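Take a look at the structure below.
Quantities reported herein were computed from a predicted structural model and do not represent experimental measurements. All ligand and atom numbering here is 1-based and tracks the order in the structure.
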Amino acid sequence: MTKRTPGTNTTDVRRVEVTVDRPANGGEAVGRADGRVLFVRGAIPGERVVAEITDDRHDAYWRAEAVEILDASPHRTSTPCPAAARGAGCCDLGYIDPAYARVLKQSVLLDVLQRVGHLPADRIATTDLATRGVDRLAGADTGWRIRTRLAVDDDGRAGQLAFRGARVIDEECVQPVSGMLDGVAERRFTPRSELAVVLDSRGVRSITELAPVEKSARGNARRRAQENRGRRARPRVQVVVDGEATAIHRVGARTWEIPVTGFWQAHRAAPQTYGDTVVEFARTHLPASGPGGSPRVAWDLYGGAGVFAAALLDGLPGGLDTVHIVDSDAAALDAAARTFEADGERVRTHRGEVADRLADLTGPGVAGPDIVVLDPPRTGAGARVIGAVAAAQPAVVVHIGCDAARFARDLGLFAESGYQVVQIRAFDAFPLTHHVEAIACLVPGTPG
Ligand SMILES: C[S@@+](CC[C@H](N)C(=O)[O-])C[C@H]1O[C@@H](n2cnc3c(N)ncnc32)[C@H](O)[C@@H]1O
């Protein structure tokens with residue numbers, strides 16, 4: 001039988017029997033077949049499965065999907081997510097007991113910290129990540145998400161996108177908090193649009209529709225892909241179809257007004273938990289430096305609307321003289337300006353690429369940072385930003401990452417720039433998925 005698998009160059013459907021033995025960063029389990037590494041989606045380390053090859057483009061590794069479980073792991077369960085059961089990409093680890101999924105996420109993090117970050121094993125072994133594993137955030141493993149995006153099909157039905165392909169699945173996912181998607185399945189929206197849905201701290205549910213991005217039909221595949229990327233990056237027409245254009249989020253005593261289409265942490269407990277962690281690291285490792293023993297200057301890089309700036313301002317004994325928030329998103333910085341209005345000159349916002357804006361925060365007559373918090377997107381911060389942060393010689397760096405491999409790479413770059421890890425904590429901020437959030441604290445020095 002010859003069949004083309006969508007999105008790959010595999011022409012022959014091939015099935016292999018394989019035993020998988022370790023977890024991969026993308027949520028797959030890794031085995032070997034035909035002398036190659038095989039990344040198997042839908043399998044759990046220790047299982048023997050029949051896997052169907054879905055991508056054979058690479059010489060060193062292939063991708064596959066488990067289609068039959070011959071020897072099931074004791075940690076296998078039936079997914080609680082009706083959307084994932086129908087093929088949606090949302091809860092990709094829903095078939096693994098969530099407590100064991102956290103063990104697998106810990107194992108992935110420990111592995112990439114050594115292999116990609118080249119951190120010393122004895123240093124990693126003393127961190128909370130190694131000794132107590134990946135922490136569960138407050139609440140259950142379902143009903144944690146307060147912000148989501150939904151796709152809309154040609155008939156106007158909203159739902160999750162299938163893992164592979166553009167099919168829209170209108171069964172509900174179990175991640176959103178209760179009530180967040182009430183009535184959405186019964187409604188019809190603009191065909192091929194995208195919905196931004198938020199349930200805010202007041203309990204107000206808002207939906208903004210983003211106009212469809214029409215796909216390019218011109219030129220060869222490469223040209224079309226390039227043009228489609230450009231089209232996706234352009235601003236899209238937005239229409240509020242439910243609730244308000246702005247969501248109100250509260251953390252501690254502060255309130256933020258964030259556009260429904262803007263960034264806010266997806267897990268309802270994340271801003272408070274991450275903020276508490278940043279403050280705890282700062283209290284533990286920040287030497288008293290300013291007059292009266294208070295630290296003076298903080299940088300909140302990739303700071304969005306300033307959740308970590310607020311945590312440090314309000315949580316550090318003696319507070320801060322100044323905190324600089326740097327972000328490329330004008331709407332996030334507008335929100336920060338409103339939230340920190342009463343703080344006056346103590347909070348300064350800088351719009352642009354972090355790599356470009358750091359020069360404004362250093363130099364003669366400008367007080368350098370005592371503490372720098374970096375919370376980059378999935379791609380990480382990279383060598384240029386990390387080199388500039390290290391050159392500013394903060395006493396403490398707190399680095400946050402939502403992609404294990406990029407996080408590990410960035411910690412390795414910090415080590416090359418003279419900063420060593422003193423603590424790493426990880427959070428299961430995306431239960432039922434392979435994603436994990438990690439927070440590291442670094443101080444000047446080399447591992448000795
Ligand atoms: C993971 S979010 C963190 C936001 C914030 N720390 C929070 O917890 O709400 C990453 C932020 O980085 C911003 N961003 C992405 N790439 C950037 C870049 N190259 N330079 C500056 N900001 C960037 C995004 O606008 C977004 O606000």
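By the salt bridge (charged side-chain N to carboxylate O under 4.0 Å, His left out) test, Glu257 pairs with Arg338, sequence neighbours left out.
Using bins of under 30°, 30° to 60° and over 60° for the plane-to-plane angle, the ring pair Phe340/Trp256 lands in the perpendicular bin.
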Subject >> Audit row: Gln423, Thr127, side chain to side chain donor-acceptor pair (under 3.5 Å) steps and yes/no >> reply: CA-CA 5 Å; Gln423 185 55 283; Thr127 61; 4.9 Å; no
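With a 4.5 Å cut-off on side-chain heavy atoms, Val174 and Leu432 count as touching.
Contact residues for ligand 1 (protein heavy atom closer than 4.0 angstrom to any ligand atom): Phe263, Gln265, Tyr302, Gly303, Gly304, Phe308, Asp327, Ser328, Asp329, Gly352, Glu353, Val354, Asp375, Pro376, Pro377.
A side-chain N or O of His399 and one of Asp410 form a donor-acceptor pair less than 3.5 Å apart.
With a 6.0 Å radius and a threshold of 12 heavy atoms from other residues, nucleotides or ligands, Arg188 has its CZ atom above the threshold.
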